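Everything quoted here is computed from the prediction, not taken from an experiment.
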Amino acid sequence: MPVDSPVTILGWVRTVRTGKEVAFLEVNDGSCMKNVQGVVNQPERFPILDKILTGAAIRMKGKLVASAGKGQKYEVAVDGLDLVGEADATFPLQKKRHSMEFLRDIAHLRPRTNTFGAVNRLRSKLAFAIHKYYQERGFFYIHTPIISASDCEGAGNLFRVTTVDLHHPPMKDGRLDWDADFFGTEAYLTVSGQLEGELLATALGDIYTFGPTFRAENSNTARHAAEFWMIEPEMAWAELEDNMNLAEDFLKFLFRYALDQCKDEMDFFSQWVDPGVRETLEGIVQSKFERLPYSEAIRILERSGEKFEYPVSWGIDMQSEHERYLTERTFKKPVIVYDYPEEIKAFYMRLNDDGKTVRAMDVLVPKVGEIIGGSQREERFDILVDRMKKKGIENVEAYSWYLDIRRYGSVPHAGFGLGFERALMYISGMGNIRDVVPFPRVPRWAKF
RNA sequence: UGCCCUGUAGCUCAGUCGGUAGAGCAGCUGACUGUUAAUCAGCGGGUCGCUGGUUCGAGCCCAGCCGGGGCAGCCA
């Protein structure tokens with residue numbers, strides 16, 4: 001747009017500075033980090049200025065001009081000013097830093113801050129980048145059910161879905177009669193689309209899901225939410241090596257995409273949220289993720305000389321402190337740990353020839369911890385059934401549909417789950433999952 | 001769920017030994033010819049989370065409850 005073009009600015013006032021001869025209005029319309037400065041000469045022409053405070057929605061007409069001041073190249077010489085929506089002095093957001101805790105209480109207004117504007121734009125761009133990545137590589141986007149009847153998907157507690165009158169539930173033989181419920185059986189919100197994803201992968205080849213996921217765990221940490229979005233690719237004709245390659249390439253693609261497509265947002269995060277995240281991501285895009293077998297990881301931890309709260313030995317489920325040691329101290333970059341002990345991993349993971357480990361992998365990153373969990377799936381019918389029984393799954397028949405994939409035309413396949421919010425945390429440097437989702441759901445909090 | 005920290009003005013916080021409430025920002029009034037979280041002068045603003053207890057007297061000490069946060073577990 002050339003200088004001297006007529007412009008109309010629609011946006012929300014971030015700050016007003018008034019003088020006798022000149023007034024300045026800084027306006028942001030949410031489209032980017034930058035504000036536009038409106039300059040009002042002879043402010044007495046616009047009595048409405050008295051009512052325009054921080055937070056007001058205004059329409060500003062004028063001419064685009066080269067700025068006479070420092071700090072911006074261009075500005076708007078205002079000759080028309082309307083107050084579209086007043087914001088009085090009770091408007092909670094001020095032109096200074098607020099605590100994240102306070103902003104969570106006003107989650108309906110926090111998108112108007114620099115930080116949450118940046119987070120929400122990043123979130124949108126990366127959601128698109130996920131589709132771009134998989135679509136360009138021939139993966140099909142599939143929709144797995146959000147309501148699920150299988151209660152043993154393996155990951156944590158589930159939210160029940162029901163239409164029964166909880167005060168007067170239908171009873172039969174002294175027990176609740178689920179046959180009288182909406183689906184004629186117990187139903188839950190999904191904790192993973194993986195099992196259904198496998199069904200589609202063994203038909204379409206490579207697929208991915210990207211949708212909401214629900215865990216009813218009473219988790220009170222900065223990296224757990226009751227409702228979050230998960231990306232789950234699943235590849236037929238693929239083994240663990242392919243899975244690790246995909247995970248690494250995919251994460252790097254997302255980092256690169258954020259650096260290239262969200263430059264101003266990344267600069268903002270790097271300056272105000274987590275000093276140097278931009279440089280950290282740039283470094284990681286260039287480097288290779290460290291890949292090490294679980295047994296090797298345990299050896300490193302044992303030899304570290306570090307005093308861990310939870311002692312280290314082969315067979316333990318690694319604790320936060322162990323994962324952090326590996327990513328933050330030993331390697332200072334993402335680490336893929338694979339070939340975990342069979343005892344501590346889910347039934348569907350492929351058993352190695354040693355009979356002791358399975359083809360599982362976790363991608364760990366500094367600060368956030370586990371960002372990806374995945375595996376090569378057990379495609380051998382008999383071994384899968386054995387492992388299900390060994391893991392204490394009583395009604396193996398309930399999984400006949402899952403087992404049928406191994407009964408008919410079984411192929412090696414592999415996949416993983418990436419927590420979208422955890423990726424956003426890592427990329428933005430935001431320290432709490434509640435601040436990378438517009439309206440977070442965590443224990444005791446479902447407001448807005 | 002466990003351990004720890006925390007709750008004072010619209011916001012961010014200070015508040016000494018238990019003696020009856022304070023600063024910055026925001027708002028209002030005024031000053032200022034170009035500001036950048038503008039600056040300068042002045043003004044208004046409080047159920048100290050709630051309930052009870054100890055005390056002549058509680059923001060401060062004690063108990064219970066409610067809210068928020070951190071770490072851990074569960075996991076993405």
task = Please check if the distance between the ring centroids of Tyr208(A) and Tyr141(A) is under 6.0 Å.
result = yes

query = Hey, would you say the Phe214(A) and Tyr188(A) ring centroids sit under 6.0 Å apart?
reply = no

Rounding to a whole Å, what distance do you find between [X]:[atom1] and [N]:[atom2]?
| X | N | atom1 | atom2 | result |
| --- | --- | --- | --- | --- |
| Phe102(A) | rC25(B) | CZ | C1' | 13 Å |
| Glu101(A) | rC11(B) | CD | C1' | 13 Å |
| Asn157(A) | rC75(B) | CG | P | 11 Å |
| Glu217(A) | rC75(B) | CD | C1' | 8 Å |
| Asp105(A) | rC11(B) | CG | C1' | 12 Å |
| Leu364(A) | rC75(B) | CG | P | 14 Å |
| Leu424(A) | rA76(B) | CG | P | 17 Å |
| Ile433(A) | rG69(B) | CD1 | P | 14 Å |

ask   = Of the residues in residues 435-448 of chain A, which ones touch RNA chain B at a heavy-atom distance under 4.0 Å?
value = Arg444(A), Trp445(A)

ask   = Among residues 311-345 of chain A, which residues get a heavy atom nearer than 4.0 Å to RNA chain B?
value = Gln319(A), Ser320(A)

ask   = RNA chain B in dot-bracket, Watson-Crick or G-U pairs under 3.5 Å, [ ] crossing, | other strand?
value = (((((((..((((.....[..)))).(((((.......))))).....(((((..]....))))))))))))....

task = Inspect the contact between Glu306(A) and Arg329(A) and indicate whether a charged nitrogen and a carboxylate oxygen are less than 4.0 angstrom apart.
result = yes

ask   = Which residue pairs pass the ring pair (Phe, Tyr, Trp, His ring centres under 6.0 Å) test with at least one member in residues 93-124 of chain A, sequence neighbours excluded?
value = His98(A)-Phe102(A), His108(A)-Phe448(A)

Is the [X] ring parallel, tilted or perpendicular to the [Y] ring (thresholds 30°, 60°)?
| X | Y | value |
| --- | --- | --- |
| Tyr133(A) | Phe250(A) | tilted |
| Trp314(A) | Tyr294(A) | perpendicular |
| Tyr325(A) | Phe308(A) | perpendicular |

request  = By nearest nucleotide on RNA chain B, pick out whichever of Asn432(A) and Asp362(A) is the more 5' one.
outcome  = Asn432(A)

task = Please figure out whether Leu418(A) or Leu53(A) has its closest RNA chain B nucleotide nearer the 5' end.
result = Leu53(A)

ask   = Which nucleotide, rC25(B), rC75(B), rG73(B), lies nearest any side-chain atom of Gln94(A)?
value = rC25(B)

Those residues that, when tested against Asp317(A), pass salt bridge (charged side-chain N to carboxylate O under 4.0 Å, His left out) (two or more places apart) = none

Separation of the C1' atoms in rC61(B) and rC17(B), to the nearest angstrom = 13 Å

ask   = Which heavy atom in Phe289(A) sits nearest to a heavy atom in Glu248(A), and how many Å separate them?
value = N-OE2, 3.0 Å

request  = State, yes or no, whether a side-chain contact exists between Leu10(A) and Val84(A) at a heavy-atom distance under 4.5 Å.
outcome  = no

request  = Would you check if Ile372(A) and Leu251(A) make a side-chain contact, meaning some heavy-atom pair closer than 4.5 Å?
outcome  = yes

request  = Can you check each nucleotide of nucleotides 30-45 of chain B against protein heavy atoms at under 4.0 Å and return B for base, S for sugar-phosphate only, - for none, in 5' to 3' order?
outcome  = --BBBBBBB-------

